[in-house]
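Below is one structure, written out as structure tokens, with a few remarks after it.
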Amino acid sequence: MGARRRFARDWWLLLVAQAISTTGTQITVVLLPAVAILAFGSGIGPATLLLVAEFLPAALLGPFGGVLIDRARLRSVLVSMDFVRACALLTAASAIGSGVRSVWILYVLAAVLGVASAVFDSAAETAIPQLVQDLDRANATRSGLLNLVRIAGPGLGGLIIAAASAQLALLLNAVTFLSSAVVIAAATAPALRAKAQMNGARPVHRQLSDAIGYLRKDLVLRRSLLGTATLNFAGSGIGALFFVYAYQQLLLRPGQVGLTMSAFSLGAVLGAAGSAWASRRLGTGLACAVCASVAAAALFLIPAAALGRPFEVLLAYQFLFGAAATAWATILLSLRQRRTEPAMLGRVSALINAVTVATVPFGAVAGTVLAETAGLTPAMLVLAVVAAATPAFYWTKGFRTAEPIR
């Protein structure tokens, strides 16, 4: 009973640490572009490149972080990534305080934060199965809490920017990551403190090849990756165009657009809460297929909004997509954690997360090119059609009837 209570305590420490860390990450989403534009006087181009600077290095270097996760102590990896992010923010604040006004400081900062966040998230996903037995419930709780944080984080970032200088805003953001490190450092579970048993003498590229081969051999993991990449690519393209489409094409008011975003957040929280129920009721594989189908179908409501009653249609889209996509992602995470060998989970999680991250800039560029070539509404329709391919990976019998291996 004592060990079980201690593990429950460490699970909540991990959850709180990730919530604090995610708050810091969400603040940077608002903070870095604001510093570039307001403090440095940068234009749209340099500010947009911050997105590439954040996601591209994370996609390229994230898998190497997976090797680190499978080699080192999980608690050490989590604490180290928080310290790396805090130190990067403190260094940038010091440079700005010294009078440096180069946007390259922000590019380097975005890259460091992106890579460290990718490794931290993969390490947290790897740690969860070591601390809890009911993965479905644990991941549902985690997803719901992090979605609540994602609602509040950007608003908090806006308040910090409004009330403080660029230097002070960076310093305050560093405090979130230092706080996360302090919380997770208090965890005492042997699974978090023990060094992994992986053979560290093998070359890194061999260890990555092992993980790639593991993904290729497992039909369920392979199709979950392909489905995630397809939907995320299309969703990123739609996300890049959404505000222009809503304001210029549909002529919605800012208040109406804000309400649609709130509908997404509400749907996401409810989707996370219902994911464990859906998995138990339908089975893991079938629940993934159903949720992915609803999420993909919801995207067709975006071009349909051009036909009439755009506010109501987008409201329905945001709620349905938020609920279905969040439930789908949460169920997939539990499935991946159960099907992957513990010694391989860090690398597999890092590879899947790297592909997910890489689709963000590529999807955004593809959506922009489509809109410039064919127009906003046709671009939204094409991207919805691309997303519609996602359920095809899940409705085959091999995946639909899939259940966890362990």
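In this structure, the side chain to side chain donor-acceptor pair (under 3.5 Å) partners of S143, at least two apart in sequence or on a different chain, are N147, T330. The side chain to side chain donor-acceptor pair (under 3.5 Å) search around Q318 returns none, not counting sequence neighbours.
A cation-pi contact, defined as under 6.0 Å to the ring centre and within 45° of the axis, is absent between R347 and Y214.
No option in L383, L231, V386, L381 other than L231 meets the side chain to side chain contact (heavy atoms under 4.5 Å, CB included) test with L299. Checked options I331, T326, L332; the residue passing with W328 is L332 (criterion: side chain to side chain contact (heavy atoms under 4.5 Å, CB included)).
For the residue pair P63 and A350, the shortest heavy atom distance occurs at CA-CB, 4.0 Å. For the pair P342 and D70, the tightest heavy-atom approach, listed with the atom from each and the gap, is O-OD1, 4.2 Å. The two residues A181 and F83 have their closest heavy-atom pair at CB-CE1, 4.2 Å. Of all the heavy atoms in T126 and P129, the pair that sits closest is O-CD, 3.3 Å. Taking each heavy atom of A138 and V132 in turn, the nearest pair found is CB-CG2, 3.7 Å. Of all heavy-atom pairs between I69 and S122, the closest is CD1-CB, 3.6 Å.
Between the side chain of Y317 and the backbone N or O of A305, no donor-acceptor pair lies under 3.5 Å. No donor-acceptor pair closer than 3.5 Å links the side chain of R339 to the backbone N or O of V220. Under the 3.5 Å distance criterion, the side-chain polar atoms of T176 are matched with a main-chain donor or acceptor of N173. A side-chain donor-acceptor contact under 3.5 Å links N139 to the backbone of L135. Checking side-chain atoms of S275 against main-chain N and O of A327 turns up no donor-acceptor pair under 3.5 Å. The backbone N or O of T25 sits less than 3.5 Å from a side-chain atom of T28, completing a donor-acceptor pair. No side-chain donor-acceptor contact under 3.5 Å links S94 to the backbone of L90. No donor-acceptor distance shorter than 3.5 angstrom exists from the side chain of Q18 to the backbone of D121, with no hydrogens or angles considered. Using a distance-only test at 3.5 Å, with no hydrogens or angles considered, no donor-acceptor pair links the side chain of N232 to the main chain of T228. Between the side chain of T373 and the backbone N or O of V369, at least one donor-acceptor pair lies under 3.5 Å.
When side chains are defined from C-beta on, W277 does not count as touching L282, because their heavy atoms never get closer than 4.5 Å. Between I27 and T23 there is a side-chain heavy-atom pair separated by less than 4.5 Å. Counting heavy atoms from C-beta outward, L192 and L131 have side chains that approach closer than 4.5 Å. Looking only at side-chain heavy atoms (C-beta outward), S293 and Y394 stay at 4.5 Å or farther from each other. Looking at D10 and L13, their side chains come closer than 4.5 Å, going by heavy atoms from C-beta outward. Looking at heavy atoms from C-beta onward, L314 lies out of side-chain contact with Q256 at the 4.5 angstrom threshold. Residues F311 and L259 have side chains in contact (heavy-atom distance under 4.5 Å, counting atoms from C-beta outward).
The distance from atom CD of E312 to atom CG of L301, rounded to the nearest 0.5 Å, is 12.5 Å. Note that CD of Q207 and CG of L68 are 10.5 Å apart. Values are rounded to the nearest 0.5 Å. Remark: L74 CG to L78 CG distance equals 6.5 Å, nearest 0.5 Å. Rounding to the nearest 0.5 angstrom, the gap separating the CD1 atom in I96 from the CG atom in L170 is 5.0 Å. To the nearest 0.5 Å, atoms CG (L172) and CD (Q167) are separated by 10.5 Å. Here the CZ atom belonging to F399 is positioned 10.5 Å from the CG atom belonging to L286, to the nearest 0.5 angstrom.
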Would S21 and R85 count as a side-chain contact (heavy atoms from CB on, under 4.5 Å) if you check the C-alpha gap in whole Å, the side-chain angles of each, and the deciding distance to 0.1 Å? CA-CA 10 Å; S21 177; R85 289 182 286 186; 2.7 Å; yes

Report the C-alpha distance between E125 and R336 in whole Å, list the side-chain angles of each, state the deciding distance to 0.1 Å, and finish with yes or no for side-chain contact (heavy atoms from CB on, under 4.5 Å). CA-CA 10 Å; E125 292 176 3; R336 180 168 79 238; 2.7 Å; yes

Check the pair D82, L178 against side-chain contact (heavy atoms from CB on, under 4.5 Å), reporting the backbone distance first and the verdict last. CA-CA 6 Å; D82 275 332; L178 290 174; over 6 Å; no

Go through the steps to decide whether L14 and R142 satisfy the test side-chain contact (heavy atoms from CB on, under 4.5 Å), and finish with yes or no. CA-CA 10 Å; L14 175 64; R142 170 182 175 270; over 6 Å; no

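The residues R338 and D136 are annotated as salt-bridged, a charged nitrogen and a carboxylate oxygen being separated by less than 4.0 angstrom.
In this pair, Y247 and F243 present their aromatic rings parallel. The plane angle is below 30°, not in the 30 to 60° band.
Annotation for F64: atom CZ does not count as buried by contact number, only 12 or fewer foreign heavy atoms lying within 6.0 Å. No more than 12 heavy atoms of other residues, nucleotides or ligands sit less than 6.0 Å from atom CZ of F362. By the neighbour-count criterion of 12 heavy atoms within 6.0 Å, atom CZ of R222 is densely surrounded, having more than that number from other residues, nucleotides or ligands.
Between the side chains of R223 and T396, at least one donor N or O lies within less than 3.5 Å of an accepting N or O.
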